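A quick write-up on the structure given underneath.
Model, not experiment: these values are computed from the prediction. Excluded from the calculations below are hydrogen atoms, water molecules and symmetry mates; all remaining heavy atoms, backbone and side chain alike, are included.
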Amino acid sequence: MARRARRITMPRYNPADIEPKWQAFWETKRTFAAPDRPAARKRYILDMFPYPSGDGLHVGHPEGYTATDIVARFERMRGTSVLHPMGFDAFGLPAEEHAIRTNTPPRESTERNIANFRRQLKMLGFSYDWDRELATTDVDYFRWTQWIFLVLFDTWFDASAERGRPIDALPIPDDVARRGDAAVRRYQDEHRLAFRADALVNWCPALGTVLANEEVIDGRSERGGHPVERIPLRQWMLRITAYADRLERDLDQVDWPEGVKKLQREWIGRSVGAEVDFFAGTRDAFGAWQAERSVSGFARRPDDRVLRVYTTRPDTLFGATYMVIAPEHPFVDRLTTGAQRETVDAYRKAVAAKSDRERTEATRAKTGVFTGGFAINPVNGRPIPVWVADYVLIGYGTGAIMAVPAHDTRDHEFARQYGLPIETVVAPIGSSDSDSPLATDGPSNACFVGEGRVVGSGPYDGLETDACKRRITADLAKAGLGREAVNYKLRDWLFSRQRFWGEPFPILHELDEQGRPNGLLRAVPTESLPVDLPRLDDYKPHGRPEPPLAKAPDAWLYPVIDGAPYRRETNTMPQWAGSCWYYLRFIDPRNGTSFVDRDKEKAWMPVDLYVGGAEHAVLHLLYARFWHKVLFDRGHVSTPEPFQKLVNQGMILGEIEYSGYQEADGAWVSRIEVEIGEDRRPRRRGTSIEVREVRLRADQVEKQGDAIVLREAPDVRVWSRAEKMSKSRGNVVNPDRIVRDYGADSLRLYEMFMGPLEATKPWSMDGVNGVRGFLDRAWRMIIDDRAETVVLHPSVVDERPSDEQAKRLHRTIKAVTLDTEAMDFNTAIARMMEFVNGFTRDTVRPRQAMESFVLLIAPYAPHFAEELWQALGHADTLAYEPWPTYDEALTRDATIEVPVQVNGKVRGKIEVAAGAPSDALERSARTHERVAEWIGGNTIVKVIVVPGRLVNFVVK
RNA sequence: GGCCGAGUGGCGGAAUGGCAGACGCACAGGACUUAAAAUCCUGUGGGGGGUUACCCCCGUGCGGGUUCGAGUCCCGCCUCGGCUACCA
């Protein structure tokens, strides 16, 4: 027994021994501490830091982390100065919910969860510089989050210079200045990048708390299913819209996946069109108004008599047959006639009760009511009815539209539903074909949203869409009735949350003599930062629609500064805040006087490689870019963009599962006979017979042609698919278990070997086992597994590699180097497997080749490599050993095999010298016996020769 | 509905427009063993032919196209996955 135990623990590859050993080594030697400033070439390699949930890491985390770790270790070995830090995005709802449930401060559970995450990350052997670890919840960290907020608060956007500038530099109009100091301060407050405005919040009376959007599902609270109301509350906003153009434009500078750039562009949603004023008065007064406008020009703000719309299709103005205003539009009351008042009021009330989600449910039929009022189309003087409908949003454009049902699908749907006229004003170019929508559906029913030629529009007839847009817009501008306008889908960022577990705003509200806020704000002086969270007696909701911090002790809530009493801002920042700038703090995490040292920032920024999930493609990355640009404008950072290269790792799904469907009596139902009903329950197609999904084992099914069928009943098709890992499906893979059973290096290697980093891939336990088998074989290639201690395999000797071995070695070095650079980790691993397969067969394994191999695999399986490096006689870590180099000449064969095709089909192969020229190739190919047979008596029409690749005879 | 991505052996996947299926898993056969496990070796897209070396046909979701040549490029579809949702 004793002998057996020794055999297993020593010479066999045993990750349970060597992984903790090397982790301890790296930690005590501070192997991966990054220099303050890079020495030579630098790489800042960053992971999107995790939210430390109570569940710990799932296998998706190590995917991206392993990828960046490989790049970091690879770069260090190439002499690059590497900054590779890790931290925790630790504010968040789950911790607060836990706090409410258990009445313990959220910091306690947060720190427990961080400790668990840290343990798991260290167990995987990532080469982070742990000296730089931070959490967004650290008081030392959010002190600077608050400081940056004050930078935003101190900045206004100078549109003419297109950049943020100090609020002191904001020009104050004379009339404001004349009204005194308070008026000036209010004017400044209105122009800050951080400002306050009324916005709707989700207030749940039953829970007595305000809910985040993600806590509201179908108008009810996620917990308990209680109704949620939308009530207005004074909120902090960040003026991200001011940066919309730059956020869009600067996407050209970064090396990001095109898909992510596109998502951001669409989220910003820049569109160019026109604002047009419709006179909302009588036809008689219209002429006078027109005359007035032709003198005064287009009004900066529309007065009470006009309804202003935004359109991207001014060319369709003649087709506007009605107008729609949003239910929240201030003109609703004015336009509503007595007869319609009751209907309109009822409609608005009904709409107000609906959640955003209900309102935007696309499958829902459009609703709306007529106001009884009319407005006059400025291009033809025709009065058209004004409706109220919730398909028009108050927050976009002007909150009012001209409806052109012939050329807009939404207007078309609405018009058909309420019997409003549809008038065609654009004809598709070349529309005489029978397949045009106009021809098939009849002009009055058609909806053509494309561009074409203008018809039925008086003087504009015959123009093409673009030309007509320009002409009409210019004509309207001349008449003072319209102007070109740009709009964005992007809205200002609602930045406050009614939560405890977030960064407090460093803002004070001035109080009047009665102790009530007078509406004037004061920033907490930067030397008084941080504003820490107070300790609360309990974390239960207080039942009022205001933040939990309103429950804070008076000593916190009502500070006195310079003898004046203030009330602290009680909102907290959203979770996004901390992640907007953590990459900067990593550069200088313990700086007590500045958020980051200017020189260090200059030396390390930008982040060269940023890896994370695609779920952050828009919000996190857009918010961080926005903050970065503000800091850039104010001279605090040196680069206009924070993240140079972005890579999204793909999702890891559960193991492939097979499932079939059965009726209640056990009868199988083929997959194609199953449909999912409205209630999301599966039933037999076209019937009401419910069927249930049954999990099948792999040996119960087989593949027949394109279909997977039941082995016992081959006419029954079944499903084969991999699902997202989820607790409810029971297919979650726990990294702790994988590390225990296979080792961290196997987990790392497997996740990289599964497929391309960016692809969605199913998990496979057999795959993990297979990769472990590779490490076992590689171990035995170098270590004598029959010895009592870790000693080299007798085949490992100090000899020069044979020519054949040298070729294999140099080819492996080349392939692994290029693949690692390109982040093609799966193929790099395949090349290393080939190396092991080759050298395992050799009984002479030159030490030099073995050492190179160990260095190549080091970024991928670092513990494994360190142990072998030590066995090969090295005392120190290999983390900074020079990356192996290859000799291009040694990777090449002297002679190569070239396929010869006849009419594109391979009919033979010829052996030629590697550098053989075309004519030699062709000559050799012609002599090939079987090729000659295939050419036969035909005439050669053409010969294609690609030197080194192939010869192709085209014959007739 | 829109946008993005993907469809290649039994499975995960590989392939600058140039020999489809590298590498791994699984499976099968063999060696070692009293035996099993482990390990090592060999084979493995489908179909057909041949005594062996080997040869032929088909094959990258479907239908077209460009090209001497297409998994790869273009057009039109189908299926699956992800994201998104009336932005005028």
Side-chain angles (χ1 to χ4, degrees), chain A residues 12 257-260 262-263 266-267 269 271 273 309-313 316 324 356-357 359-364 366 389-393 395-404 407-411 413-414 487-491 614-615 617-618 650-651 653 655-656 698 701-703 706 708 720-724 750 753-756 758-771 773-774 776-777 780 785 824 826-834 837 840-841 897-909 930 941-944 946 948-955:
Chain A
R12 286 241 179 135
E258 278 310 313
V260 175
K262 186 163 184 188
L263 277 175
E266 279 171 8
W267 188 264
S271 69
V309 303
Y310 172 72
T311 177
T312 54
R313 291 296 298 271
T316 61
V324 185
D356 274 7
R357 184 177 295 233
R359 275 185 66 165
T360 57
E361 193 61 61
T363 54
R364 191 176 67 91
K366 290 187 171 33
D390 66 354
Y391 81 90
V392 170
L393 310 173
Y396 183 77
T398 60
I401 62 155
M402 61 175 210
V404 185
H407 305 290
D408 180 283
T409 51
R410 297 153 302 186
D411 298 342
E413 190 191 324
F414 191 80
N487 250 298
Y488 300 92
K489 288 192 207 174
L490 184 70
R491 307 294 155 82
E615 66 273 20
V618 176
M651 203 191 329
L653 304 173
E655 297 241 5
I656 291 177
V701 301
E702 64 186 356
K703 191 159 183 177
D706 290 341
I708 314 271
S720 146
R721 56 184 161 192
E723 302 270 354
K724 240 179 195 166
Y750 171 64
F753 188 59
M754 292 171 86
E758 306 201 51
T760 305
K761 308 164 280 268
W763 186 265
S764 157
M765 236 22 156
D766 285 338
V768 183
N769 194 45
V771 160
F774 161 64
D776 283 328
R777 279 193 298 281
R780 286 193 301 267
D785 71 327
D824 290 333
N826 54 332
T827 50
I829 293 165
R831 296 291 88 83
M832 291 191 271
M833 287 173 168
E834 285 175 300
N837 291 343
T840 298
R841 286 182 195 107
E897 197 183 59
V898 173
V900 182
Q901 300 181 338
V902 179
N903 285 343
K905 290 194 187 251
V906 180
R907 297 303 181 186
K909 284 162 190 183
R930 211 152 48 80
V941 185
K942 195 172 175 183
V943 183
I944 290 113
V946 184
R949 301 299 314 203
L950 62 20
V951 181
N952 186 12
F953 294 102
V954 184
V955 303

Next item on the list: Calculate the interatomic distance between A:Arg12 atom CZ and B:A37 atom C1'; express it in whole Å.
Entry: 10 Å

Note to self: So A:Glu615, base contact, sugar-phosphate only, or nothing? Heavy-atom distance under 4.0 Å.
What the structure shows: nothing

Next item on the list: Spell out protein contact along nucleotides 53-64 of chain B as letters: B when the base is contacted, S when just the sugar-phosphate is, - when no protein heavy atom is under 4.0 Å; keep the 5' to 3' order.
Entry: --SSSS------

Next item on the list: To the nearest 0.5 angstrom, please state how far the OG1 atom of A:Thr840 sits from the CE atom of A:Met833.
Entry: 12.0 Å

Item checked: B:C73 - base-pair partner by Watson-Crick or wobble geometry, distances under 3.5 Å -> B:G65

Next item on the list: Would you indicate which nucleotide in B:G12, B:A14, B:G69 comes nearest to any side-chain atom of A:Thr827?
Entry: B:A14

Check: What about A:Asn952, does its side chain sit under 3.5 Å from the base of B:C68 through a donor-acceptor pair?
Finding: yes

Checklist line | Strand partner of B:U33, provided both Watson-Crick or wobble distances fall under 3.5 Å | finding: none

Note to self: At 4.0 Å (heavy atoms only), tell me whether A:Ser764 reaches a base, stays on the sugar-phosphate, or touches nothing.
What the structure shows: nothing

Next item on the list: Could you check which of B:G82, B:C86, B:A88 has an atom nearest any side-chain atom of A:Lys366?
Entry: B:C86

Notebook entry, point to check: Taking OP1 and OP2 of B:U42, is either one under 4.0 Å from a side-chain nitrogen or oxygen of A:Arg841?
Noted result: yes

Item checked: Candidate nucleotides B:C25, B:A22, B:C83, ranked by approach to the side chain of A:Asp766 - the nearest -> B:C25

Notebook entry, point to check: Which label fits B:G9, syn or anti, where anti is any glycosidic angle not within 90° of 0?
Noted result: syn

Margin query: Heavy atoms only, 4.0 Å cut-off, all strands: where does A:Gly269 land among base, sugar-phosphate and nothing?
Written below: nothing

Margin query: My understanding is that a pair needs two contacts under 3.5 Å, Watson-Crick or G-U wobble. By that rule, which nucleotide pairs with B:G7?
Written below: B:C78

Notebook entry, point to check: Under 4.0 Å between a side-chain N or O of A:Lys942 and OP1 or OP2 of B:C68?
Noted result: yes

Note to self: Once you apply a heavy-atom cut-off of 4.0 Å, does A:Gln901 come out as touching a base, just sugar-phosphate, or nothing?
What the structure shows: base

Item checked: Gap separating the NZ atom of A:Lys724 from the CE atom of A:Met651, nearest 0.5 angstrom -> 5.0 Å

Check: From A:Arg831 CZ over to A:Asp824 CG, what is the distance, rounded to the nearest 0.5 angstrom?
Finding: 10.5 Å

Notebook entry, point to check: Looking across every strand, which nucleic acid part, if any, lies under 4.0 Å from A:Pro257 by heavy atom: base, sugar-phosphate, or nothing?
Noted result: nothing

Checklist line | Closest nucleotide among B:G82, B:A88, B:C23 to the A:Phe753 side chain | finding: B:C23

Note to self: Only pairs with both distances under 3.5 Å count, Watson-Crick or wobble alike; so what is the partner of B:A53 in this structure?
What the structure shows: none

Notebook entry, point to check: When all nucleic acid strands are considered with a 4.0 Å heavy-atom cut-off, which category describes A:Ser271: base, sugar-phosphate, or nothing?
Noted result: sugar-phosphate

Margin query: Does A:Ile656 reach a base, just sugar-phosphate, or nothing at all? Heavy atoms under 4.0 Å.
Written below: sugar-phosphate

Margin query: Let's test this: given Watson-Crick or G-U wobble pairing with both distances under 3.5 Å, identify the partner of B:G1.
Written below: B:U84

Note to self: Nearest 0.5 Å, please: how far is CG in A:Leu653 from NZ in A:Lys761?
What the structure shows: 9.5 Å

Item checked: Closest to side chain of A:Pro762, choosing from B:C23, B:C40, B:G13 -> B:G13

Notebook entry, point to check: Between the base of B:C4 and the side chain of A:Lys262, is there a donor-acceptor distance below 3.5 Å?
Noted result: no

Notebook entry, point to check: Can you tell me how far CG of A:Asn837 sits from CZ of A:Arg777, rounded to the nearest 0.5 angstrom?
Noted result: 6.5 Å

Next item on the list: Could I get the full list of ring pair (Phe, Tyr, Trp, His ring centres under 6.0 Å) partners for A:Trp763, not counting sequence neighbours?
Entry: A:Tyr750

Check: Taking atom C1' of B:U67 as reference, at what distance in whole Å does atom CD1 of A:Ile944 sit?
Finding: 9 Å

Check: Side chains of A:Tyr391 and A:Glu413: closer than 4.5 Å at any heavy-atom pair?
Finding: no

Notebook entry, point to check: Does B:A14 have OP1 or OP2 sitting under 4.0 Å from an N or O in the side chain of A:Asn826?
Noted result: yes

Check: If you look at every strand shown and take non-hydrogen atoms under 4.0 Å, does A:Asn837 touch a base, only sugar-phosphate, or nothing?
Finding: sugar-phosphate

Next item on the list: Please assess A:Ile944 against A:Gln901 for the test side-chain contact (heavy atoms from CB on, under 4.5 Å), listing each intermediate value before the final yes or no.
Entry: CA-CA 9 Å; A:Ile944 290 113; A:Gln901 300 181 338; over 6 Å; no

Check: Looking at B:A22, B:G12, B:G18, which one has an atom nearest to any side-chain atom of A:Glu834?
Finding: B:A22

Check: Which nucleotide, B:G13, B:A88, B:A22, lies nearest any side-chain atom of A:Ala830?
Finding: B:A22

Note to self: When you measure from the side-chain N and O atoms of A:Arg780 to the phosphate of B:C40, is any distance below 4.0 Å, counting only OP1 and OP2?
What the structure shows: yes

Next item on the list: Once you apply the 3.5 Å cut-off to both distances, tell me the Watson-Crick or G-U wobble partner of B:C27, or none.
Entry: B:G43

Next item on the list: Give the minimum heavy-atom separation between A:Leu950 and A:Val898, together with the two atoms involved.
Entry: CA-CG1, 3.4 Å

